[in-house]
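Just so it is clear, the values below take in all heavy atoms, side chains as well, and ignore hydrogens, waters and symmetry mates. Proteins come first, then strands; the chains are lettered A, B, ... in the order of their sequence lines, and each starts at number 1.
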Amino acid sequence: MTHAVIKDVLAGRYAVGESITVKGWIRTRRDSKAGISFLAIHDGSCFDAVQAVAPSDLPNYEAEVKRLTTSCSVAVTGTVARSEGQGQAFELQATVVEVLGWVENPDTYPMAPKRHSMEYLREHAHLRARTNIMGAVTRVRHCLAQAVHRFFHEQGYYWISTPIITGSDAEGAGEMFRISTLDLENLPRTDKGNIDYSKDFFGKETFLTVSGQLNGETYACAMSKIYTFGPTFRAENSNTSRHLAEFWMIEPEVAFAELKDIAQLAEDMLKYVCKAVLTERADDMAFFAERIDPTAVTRLQQLVDSSFVRMDYTDAIEILKTCGKKFEYPVEWGVDLQSEHERYLAEEHIGAPIIMQNYPKDIKAFYMRLNADGKTVAAMDVLAPGIGEIIGGSQREERLEEFDKRLAEMGLDKEDYSWYRDLRRYGTVPHAGFGLGFERLVSYVTGVGNVRDVIAFPRTPGNAEF
RNA sequence: UCCCUAGUAGCUCAGUUGGUUAGAGCGGCGGACUGUUAAUCCGUAGGUCACUGGUUCGAGUCCAGUCUGGGGAGCCA
């Protein structure tokens, strides 16, 4: 018997009268006065469940069919039929209902067919995958990931798998998780009494990566256009709806590119992936618009149709100073923009994503390229309404002299950046790139307000369950 | 890490100035009903009121501490 995917059954890919088998989990069972039962079965292939009609003359009707509850697994064989009821075009007239797995105690099964809080679902991360909302998130996340790869591939980029384990402790993007095979109860010591990392697995201190950027630059300075897409780790004690200790990041790096080029790249990429979701996951987006965020679909459509506003940091400061709004943190040229400032600009002043450019050098990283004014660097952030910074990027300092000056200013040791400096010594070229937090993108697209609910098993301070 | 806030049935919540036996909806279970869309109707079971200590004749309610969650901030993606 053909094992049919529910998506195909609902799309009419099987002829009326054809006998097929669907396999999945019960969403709801409704018993009708006619002495028949309606089973809503989902298998993850699409948002909707298929309806199987189980007649009372099935041999196991009383003993099994009428005892089915939410999340029992079944294999239902039947003939495809046009539905007599409303709400679906096709349904299955069941001839065999085989129960594969019971729910052993329906009274305490955690996922009742009703609305649960996101916090409750998070505590049952292994079972929340069976809910409507997590199914929709999972499909949209997949759609976005595929669209990201497709976008870069079509533009001639190579996907580089940069290392997850790094010996470079100078990446400067945040606190790192140490990895080690040393016996914590009995650490080897040097003569001076320090921990002897030469005895560790790699013969030196190693960490989980906080960014693939520096590695990515080496390949951009050879392959011209590359991107990374992989897990990233930050050991910061950040407890917000926008931070994870383990998250996925997309980092394109482009040779022969300036700041304006990657600003355009960021805009093109965001529009491309949003368009993909609108066309490929209309079913899931309709659900988000209905249940999570009424503007979910219109917001994406507007993003696709708009052109992002470019704004210089210096001009943003002027706007904030003269807009008449009171801010908790005072605004002055040279200070970093606070969340409240970014929110005002993106949500109230513009009402759409903003590309903020050319920040003061003192509030930005060592590798960003110094502008001609000597005060600002070629950095850019994409600020999205509702979520804030979704992308951060810059043109990199490719001039060795300027780079060394900057290291010295910031009190950093040249020796720690020897291979990174080599890129500036041997055939250096202007290049630029950015980092996109993938969970922040999924959160923005779906309207699901917490990044912990758009990744399967979130890792946050104090929480690594499952 | 800081500020604010919450924790009551399997889930979502109500519970008055501290006062008799802590309630509802959903879900579960039992029953009714000629095709239902989170069906409907009737019945029924289900509670260490997060934990520890304190105030009081009396605490779900007031106080202190702890744990856990949420919102905001910082750091950032």
Side-chain angles (χ1 to χ4, degrees), chain A residues 27-40 48-56 66-67 69-71 81-88 91 93 103-124 127 131-132 172-175 210-213 231-251 266 291 327-329 336-343 363-365 381-384 387-393 434-444 449-453 460-463 465:
Chain A
R27 182 146 281 151
T28 58
R29 187 197 84 228
R30 295 180 296 277
D31 301 325
S32 139
K33 28 196 172 184
I36 59 180
S37 292
F38 300 92
L39 308 175
D48 290 316
V50 71
Q51 173 165 283
V53 184
S56 56
K66 287 197 76 173
R67 286 177 49 223
T69 56
T70 301
S71 254
R82 292 205 180 277
S83 180
E84 291 175 35
Q86 306 210 322
Q88 63 279 318
E91 64 187 16
Q93 293 287 343
V103 168
E104 63 176 40
N105 185 356
D107 193 28
T108 55
Y109 176 67
M111 299 289 123
K114 57 164 290 187
R115 188 168 204 149
H116 293 287
S117 67
M118 296 307 291
E119 297 76 36
Y120 175 78
L121 294 180
R122 210 177 294 149
E123 288 170 14
H124 302 270
L127 295 172
T131 61
N132 280 330
E175 293 295 311
V210 293
S211 164
Q213 180 197 317
T232 310
F233 308 86
R234 305 267 169 100
E236 270 149 18
N237 192 8
S238 297
N239 293 289
T240 81
S241 57
R242 310 179 296 285
H243 289 85
L244 293 164
E246 177 182 289
F247 65 101
W248 286 65
M249 191 151 66
I250 296 147
E251 297 179 285
R291 298 292 283 274
F327 294 109
E328 191 185 335
Y329 291 87
D336 211 350
L337 294 178
Q338 305 291 317
S339 284
E340 57 174 345
H341 306 141
E342 295 180 349
R343 292 185 84 107
I363 58 171
K364 287 293 178 180
D381 284 350
V382 177
L383 310 177
I387 194 160
E389 182 179 349
I390 195 169
I391 286 178
F434 64 76
L436 164 68
F438 188 52
E439 283 74 23
R440 287 186 182 177
L441 175 65
V442 182
S443 170
Y444 176 76
N450 195 318
V451 291
R452 297 170 193 194
D453 302 319
T460 52
N463 199 335
E465 289 302 306

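Within 4.0 Å (heavy atoms only), A:Gln51 reaches at least one base atom of the nucleic acid. The residue A:Leu244 sits close to a base: some heavy atom pair falls under 4.0 Å. In this structure, A:Arg452 reaches the sugar-phosphate backbone alone: every heavy-atom distance under 4.0 Å involves primed, P, OP1 or OP2 atoms, never a base. When heavy atoms are screened at a 4.0 angstrom cut-off, A:Ile390 is found touching the sugar-phosphate backbone but no base atom. When heavy atoms are screened at a 4.0 angstrom cut-off, A:Glu91 is found touching base atoms of the nucleic acid. Residue A:Phe233 is classed as having no contact, given no heavy-atom separation below 4.0 Å to the nucleic acid. Note on A:Asn239: a base of the nucleic acid sits closer than 4.0 angstrom, heavy atoms only. Within 4.0 Å (heavy atoms only), A:Tyr120 reaches sugar-phosphate atoms of the nucleic acid but no base atom. Residue-level contact check: A:Thr232 touches neither bases nor backbone, having no heavy atom under 4.0 Å from any strand. Across all strands shown, A:Gln93 has heavy atoms under 4.0 Å from base atoms, whether or not it also approaches the sugar-phosphate. Using a 4.0 Å heavy-atom cutoff across all strands shown, A:Arg27 reaches no nucleic acid atom at all. Contact annotation for A:Thr28: backbone-only contact, meaning every heavy-atom pair under 4.0 Å involves sugar-phosphate atoms and none involves a base. Nucleic acid contact class of A:His116 (heavy atoms, under 4.0 Å, all strands): sugar-phosphate only. Looking at heavy-atom distances under 4.0 Å, A:Gly85 makes contact with a base.
Whole-Å rounding puts the A:Asn132 CG to B:C11 C1' distance at 16 Å. Note: CD (A:Gln338) to C1' (B:G74) measures 8 Å, nearest angstrom. In this entry the distance linking CZ of A:Phe438 with C1' of B:C76 reads 19 Å, nearest Å. Between the P atom of B:G69 and the CD atom of A:Glu123 lies a distance of 8 Å, rounded to the nearest Å. Spacing between atom CD of A:Glu251 and atom C1' of B:C76 amounts to 13 Å, rounded to whole angstrom units. The interatomic distance linking A:Asp336 (CG) with B:A73 (C1') rounds to 14 Å, in whole Å. The CD1 atom of A:Ile387 sits 13 Å away from the P atom of B:A73 (whole-angstrom rounding). In this structure, A:Ile363 atom CD1 and B:C76 atom C1' are separated by 13 Å, rounded to whole Å.
A:Arg30 has no side-chain polar atom (N or O) that falls below the 4.0 Å cut-off from OP1 or OP2 of B:U36. Look at A:Gln88 and you won't find any side-chain N or O under 4.0 angstrom from OP1 or OP2 of B:U37. Phosphate proximity of B:C11 to A:Ser117: absent, as no side-chain N or O sits under 4.0 Å from OP1 or OP2. Note on A:Ser241: every side-chain N or O is 4.0 Å or more away from OP1 and OP2 of B:G71.
In this structure, the side chain of A:Asn463 engages the main chain of A:Glu465 through a donor-acceptor pair within 3.5 Å. Formation of a donor-acceptor pair under 3.5 Å by the A:Glu439 side chain with backbone atoms of A:Arg452 is not found in this model. A donor-acceptor pair is defined here as one N or O able to donate and one able to accept, closer than 3.5 Å; such a pair exists between the side chain of A:Thr70 and the backbone of A:Arg27. In this structure, A:Glu175 contributes its side chain and A:Glu236 its backbone to no donor-acceptor pair below 3.5 Å.
When distances run from any side-chain atom of A:Tyr329 to the nucleotides B:G69, B:A73, B:G71, the shortest one goes to B:A73.
With hydrogens and angles left out, the side-chain atoms of A:Thr232 and A:Arg234 include no donor and acceptor closer than 3.5 Å. For the residue pair A:Tyr109/A:Thr69, the side-chain donor-acceptor check at 3.5 Å is not satisfied.
Side-chain contact check for A:Leu441 versus A:Ile390: some heavy-atom pair is nearer than 4.5 Å.
In this structure, NE2 on A:His116 lies 12.0 Å from CD on A:Glu123, to the nearest 0.5 angstrom. The structure places CD of A:Glu251 at 3.5 Å from OG of A:Ser211, a figure rounded to the nearest 0.5 Å.
Rounded to whole Å, the C1' atom of B:G23 lies 46 Å from the corresponding atom of B:C75. With both ends at atom P, the span from B:G47 to B:U8 equals 15 Å, rounded to whole Å. Comparing B:A9 with B:A45, their C1' atoms are spaced 11 Å from each other, to the whole Å. Rounded to whole Å, the separation between the P atoms of B:C62 and B:U5 comes to 13 Å. As rounded to the nearest Å, B:G69 and B:U12 have P atoms that lie 15 Å from one another. Nucleotides B:C3 and B:U48 place their C1' atoms 33 Å apart, quoted to the nearest Å. Distance check on atom P: B:C11 versus B:G7 gives 15 Å, rounded to whole Å. With both ends at atom C1', the span from B:U17 to B:G27 equals 36 Å, rounded to whole Å.
Contact of A:Ser238 with B:C76 (side chain to base): no donor-acceptor pair of N or O atoms is detected under 3.5 Å. In terms of polar N and O atoms assigned as donor or acceptor, the side chain of A:Asp31 never comes within less than 3.5 Å of the base of B:U36 in a complementary pairing.
Heavy-atom distances to RNA chain B give each of A:Thr69 and A:Glu340 a nearest nucleotide, and the one nearer the 5′ end belongs to A:Thr69.
A:Gln338 pairs by the side-chain contact (heavy atoms from CB on, under 4.5 Å) definition with A:Tyr329, A:Glu340, A:His341, not counting sequence neighbours.
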Pairing annotation in dot-bracket form, given for RNA chain B with Watson-Crick or G-U pairs under 3.5 Å and | for cross-strand partners: (((((((..((((.....[...)))).(((((.......))))).....(((((..]....))))))))))))....
